[in-house]
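Below is one structure, written out as structure tokens, with a few remarks after it.
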Amino acid sequence: MKKLINDPRVVVREMLEGQVGLHAGQTLLADENVVLRADLGLPAARQVAIISGGGSGHEPAHAGYVGAGMLHAAVAGDVFTSPSTDAVLAAIRAASGPAGALLIVKNYTGDRLNFGLAAELARAEGIPVETVVVADDVALRDRVASERRRGLAGTVLVHKVAGAASAAGLDLAAVATEARQAASAVGTMGVALGACTVPGGSAGFTLAADEMELGLGIHGEAGVRRTKLMSADQIVEHLLATILVDLAPPPGARMALLVNGLGGTPPMELAIVARKALAQLRASGLHVARAWSGNLMTALEMPGVSLSLLIVDDSRLARLDAASAAPAWPGHGRLAEALSLQPPSPAPPTTAPILTPTRAGRIMRQSALKAAEALTAAEAQLTELDAAAGDGDLGFSMSRAASAIRAMPASDWTTPSTALKHLAAALGRAIAGSSGPFYATALVRAARGLPDDPGPRDWAAALDAAAAAIAELGGAKPGDRTMLDALVPAAAAFRIALDDGKPAADAWMEALDAAREGTTATADMSPRVGRAAYLGDRALGHADAGATALTIWLAAITPT
């Protein structure tokens, strides 16, 4: 996998230098990979130092949580590797004063050993140190004892509780107590749709296109179970059910929810997961008091998500709500009690009578339904072509157009002109991106002056008008690798064949041949307009998706 790095051996140090360079409230030890708050002040006046860390690759954890109200220091090991005892001890020495330090450790052997030894060495130097181990991975509930579970994204919530307790002036014992109680009240489970790749290394596992890993950690390892790919809602149902069985909150309990991306999951998908999680928790009789979504503790670029639930009361909510200057803390997390939907504006009353479609209107509807069927069947083909030179959404857009055509009532097809106007409105709403406005504009222009019972020459004029409207709206012309490379030659061939006295059916076949030839020719055209123009000659070798779609529906219709 390609990565934006210089040398795998110095990737952590360079990452930390960039992190600290971007945040004025942080500083970096010169001889260890330790990020500190820049405002620590004199040791005698310091609060209890909250220190965490672990292997790198979990960004923004842990350095992103260094700031007022959260961590005083974060210790970074190599990617997915525990930091050394020396680095942890350096962090304790640099961040602590007489109030001592609390170490928050994710439950991995290397972290426990190195943080634990550093704590002993610091105590020997007279620095008070307490340690809290976070083991929130509920996926292991049936496999290992609770004290042997892994530490996952729930650790971030423990950071926040401990940091706020320290900022409130509590002593080391009291801060440690609150942190331990939070750690025992949080559960996390994750799912991966693919693996991640360590800089300079290889992927930890491979998945088929229809597989996923349930119950994984955050170090690129496989999960506890490989399953067939589920929908987002099914995944959320499984994760939450497992967490809730483990936590066993009482009915009506207040919960904090963390929807955590593992590094390669876009905000769109995280929001879909959050939508289901909020609904399911509320349906279970639980009160979601706070919720956050984002990349909070990742596994490099792994595609996937974890859900964390923390049982809260007034005191713990106050800790979560307390102000924090840590750059990666996502904010207050307050949310509405229910999804807020704006009711639709009332439609104006319809006064126009519902007319019986004319013969031409009925034929046009039949042709449009055939076009819809053809576009639905071609979705995969259009998606593949559009992905080669665009954003890959045309197949889905044309499938939505087909659904919109099928949903049009019979009253929309009274005459061809009326049908074109209704069709323009339906496709303008249904088709995403630029294709929607192009089709809608073309259909509105084609409807102008079209008689109730049009003949072949009327349709020829409508085709010419549609092509002219698209050219005016988009600024394209034949040869620019667009739908016009199919539509313009088809319209011209149809008109010329009619002028030569050929029957309408024969003229239409010549129009289809011209559209197909024009579409084929686009494979050798360098795009000049639209998103494909960004690729230049790299788009060569594939027919234009828009021209292909237009030819598909032209082939399905029958001129009246």
Side-chain angles (χ1 to χ4, degrees), residues 371 375 378 381-382 385-395 397-398 401 420 423-424 427-428 431-450 456-500 507-555 557 559:
L375 289 172
Q381 176 193 0
L382 295 175
L385 285 174
D386 195 37
D391 52 10
D393 69 344
L394 187 64
S397 292
M398 291 295 105
L420 288 177
L423 191 58
L427 298 191
I431 303 177
S434 58
S435 296
F438 281 135
Y439 273 109
T441 302
L443 292 168
V444 168
R445 183 75 63 86
R448 291 182 187 173
L450 196 65
R457 293 187 183 278
D458 296 313
W459 284 115
L463 277 178
D464 283 333
I470 292 173
E472 291 172 17
L473 183 62
K477 59 183 183 301
D480 286 345
R481 189 187 165 98
T482 70
M483 67 173 74
L484 289 178
D485 289 297
L487 181 57
V488 170
F494 188 52
R495 178 177 12 89
I496 292 170
L498 292 175
D499 290 343
D500 290 342
W508 190 247
M509 294 305 300
E510 292 191 18
L512 293 181
D513 288 341
R516 293 186 182 106
E517 291 175 6
T519 297
T520 300
T522 61
D524 297 322
M525 296 177 186
S526 182
R528 298 187 183 90
V529 296
R531 186 176 280 109
Y534 306 150
L535 296 177
D537 290 344
R538 295 178 67 182
L540 296 176
H542 304 275
D544 178 67
T548 302
L550 188 137
T551 300
I552 288 170
W553 67 255
L554 280 179
I557 67 176

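It should be emphasised that the depicted structure is a prediction, and the values quoted were computed from it without experimental measurement.
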task: Check whether any side-chain N or O of Asp544 sits under 3.5 Å from a backbone N or O of Thr522 as a donor-acceptor pair, and report yes or no.
output: no

- prompt: Does Trp459 reach the side chain of Leu450, with side-chain heavy atoms less than 4.5 Å apart?
  reply: yes

- prompt: Side-chain donor-acceptor pair under 3.5 Å between Ser397 and Ser435, yes or no?
  reply: no

Glu517: side chain to side chain donor-acceptor pair (under 3.5 Å) partners, not counting sequence neighbours: none

query: Heavy atoms, side chains only, cut-off 4.5 Å: are Leu385 and Leu394 in contact?
result: no

Arg481 backbone acceptor or donor facing Asp485 side chain under 3.5 Å: yes

query: If we only count heavy atoms from C-beta on, is the Ile557 to Trp508 side-chain gap below 4.5 Å?
result: yes

Distance-only check: which donor-acceptor pairs under 3.5 Å involve side-chain atoms of residues 471-479, not counting sequence neighbours?
unit_1: Glu472; atom_1: OE1; unit_2: Arg445; atom_2: NH2; d: 3.0

query: Any side-chain heavy atom of Leu382 within less than 4.5 Å of one from Ile552?
result: yes

message: Do Leu550 and Tyr439 make a side-chain contact, defined as non-hydrogen atoms from C-beta onward lying under 4.5 Å apart?
response: yes

task: Check side chain to side chain donor-acceptor pair (under 3.5 Å) between Arg457 and all other residues, then give those that pass, not counting sequence neighbours.
output: Asp499

message: So Asp480 and Met525, do their side chains get closer than 4.5 Å, heavy atoms only?
response: no

